[in-house]
Protein chains: 2
Amino acid sequence: MGRAGQRVTRQKKLILEILRSTNTHPTADWVYEQARKQLPDISLGTVYRNLSVLKGAGEIMELSYGSTFSRYDGNPHNHYHFVCEKCGRVLDVALPVRTELEEELALKEAHLVRSHRLEFYGVCRDCLEADRAK
Amino acid sequence: MGRAGQRVTRQKKLILEILRSTNTHPTADWVYEQARKQLPDISLGTVYRNLSVLKGAGEIMELSYGSTFSRYDGNPHNHYHFVCEKCGRVLDVALPVRTELEEELALKEAHLVRSHRLEFYGVCRDCLEADRAK
DNA sequence: ATATCTGCAAATGGTTTGCGGAGGA
DNA sequence: TCCTCCGCAAACCATTTGCAGATAT
């Protein structure tokens with residue numbers, strides 16, 4: 001924040017706080033509902049606008065998986081995700097980031113590789129546990 | 001194909017052919033435009049319906065990256081992609097698929113890991129070349 | 001003071017779907 | 001024949017945007 005021409009508004013601050021205080025990778029709509037508890041008159045358009053600004057500033061990440069909508073992550077450092085195909089949750093993954101994959105690709109195909117994204121799909125521990133209990 | 005209750009129509013066959021004959025990972029709209037050259041009366045709705053069916057049958061893959069629209073890949077076997085942030089193309093990557101990552105994650109977090117997806121982002125060889133020529 | 005941001009509401013655009021008729025098995 | 005698929009067009013829905021007033025700096 002603090003980039004030239006960018007103002008610090010109550011709305012923007014709140015949205016960033018909400019996103020940083022959870023690890024559930026929420027949708028824009030969920031962020032909107034949370035924000036309304038503090039600022040009842042905030043609009044969904046403002047939420048989308050600020051999510052876009054924060055993303056551009058590198059403060060948050062947008063996660064667009066198979067779904068028809070995006071999820072947002074308050075942790076802007078590259079890390080991997082696991083998508084549970086049963087409960088739909090998106091979980092953080094504790095594996096280290098493999099930057100060497102980028103180098104390997106750059107070497108092999110002569111592209112300039114700036115970043116990469118890795119997601120896993122399956123059934124999460126909790127859903128497996130729930131199945132076992134039945 | 002040939003699954004119970006699934007008919008082989010001209011439209012479905014054509015869409016699969018189109019997708020298999022290119023490695024450009026086209027959008028639904030591009031497939032539609034190509035298909036119209038053979039079947040001028042085909043509708044966009046039919047293209048979407050068949051893309052969905054073919055995906056469900058494991059004949060093709062849907063790629064949904066940051067964009068607002070999907071791309072489709074006629075190669076249903078897992079492989080990685082490179083997205084050029086300059087020209088927007090999606091290119092196949094020649095790196096081998098790292099299934100060991102799935103095992104590593106399963107071991108570490110006790111999830112059932114079924115698959116993974118890896119994408120690289122940057123500037124492709126051709127765009128670098130074009131820049132250099134200026 | 002003034003340029004950026006907000007709330008509101010309408011527009012956008014990729015994708016989905018209901019319907020009655022066509023055509024594959 | 002019969003049931004699935006098609007073309008058409010309207011509906012859907014997450015996201016974006018134009019505008020006039022509010023607000024951060």
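A note on names: the letters A, B, ... follow the listed sequences, proteins ahead of strands, and every chain is numbered from 1.
Ser70(B) comes within contact range of the sugar-phosphate backbone alone, with a heavy-atom separation under 4.0 Å but no base atom that close. Using a 4.0 Å heavy-atom criterion, one finds that Arg49(A) contacts the bases of the nucleic acid, with or without backbone contacts as well. Nucleic acid contact class of Asn50(B) (heavy atoms, under 4.0 Å, all strands): sugar-phosphate only.
For the contact set between residues 41-48 of chain B and DNA chain D, defined by any heavy atom under 4.0 Å, the members are Asp41(B), Ile42(B), Ser43(B), Thr46(B).
For the 3.5 Å distance criterion, the side chains of His116(B) and Tyr80(A) fail to qualify, holding no donor opposite an acceptor. For the residue pair Glu62(B) / Ser70(B), a side-chain donor-acceptor distance below 3.5 Å is found, with atom types taken as modelled.
Rounded to whole angstrom, the span from the CD1 atom of Ile15(B) across to the P atom of dT15(C) amounts to 14 Å. As rounded to whole Å, 11 Å separates atom P of dA9(C) from atom OH of Tyr32(A). One can place OH of Tyr72(A) at 12 Å from P of dA14(D), the figure rounded to the nearest angstrom. In this structure, the CG atom of Leu51(B) is 15 Å from the P atom of dC5(D), given to the nearest Å. For Phe69(B) and dT12(C), the CZ to P distance is 19 Å, given to the nearest whole Å. Nucleotide dC3(D) holds its P atom 16 Å from the CD atom of Gln6(B), rounded to whole Å. Atom CZ of Arg7(B) is separated from atom C1' of dT1(D) by 11 Å (rounded to the nearest Å). Between Lys55(B) atom NZ and dT16(C) atom C1' there is a gap of 13 Å when expressed in whole angstrom units.
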Requested in this report: Output, in order, the C-alpha distance, side-chain angles, deciding distance and verdict of side-chain contact (heavy atoms from CB on, under 4.5 Å) for Lys86(A) and Asp131(A).
Outcome: CA-CA 11 Å; Lys86(A) 192 130 190 212; Asp131(A) 275 358; 2.9 Å; yes
Q. Would Arg98(B) and Glu104(A) satisfy salt bridge (charged side-chain N to carboxylate O under 4.0 Å, His left out), going step by step from the backbone distance to the final call?
A. CA-CA 13 Å; Arg98(B) 299 291 161 83; Glu104(A) 207 177 317; 2.7 Å; yes
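One finds a side-chain N or O of Gln11(B) lying less than 4.0 angstrom from the OP1 or OP2 phosphate oxygen of dG7(D). Residue Arg10(A) places at least one side-chain N or O closer than 4.0 Å to OP1 or OP2 of dA24(D). For dT6(C), the OP1/OP2 oxygens have a side-chain nitrogen or oxygen of Thr9(A) closer than 4.0 Å.
Both Thr68(B) and Leu39(B) lie close to DNA chain D; mapped to their nearest nucleotides by heavy-atom distance, the more 5′-ward contact belongs to Leu39(B).
Of all the heavy atoms in Leu44(B) and Tyr32(B), the pair that sits closest is N-CE1, 3.5 Å.
Considering Phe120(A), Tyr121(A), Phe82(A) in turn, Phe82(A) is the only one that fulfils the ring-ring contact (aromatic ring centres under 6.0 Å, His included) rule with His111(B).
Glu119(A) and Arg71(A) are not joined by a salt bridge, as no carboxylate oxygen comes within less than 4.0 angstrom of a charged side-chain nitrogen.
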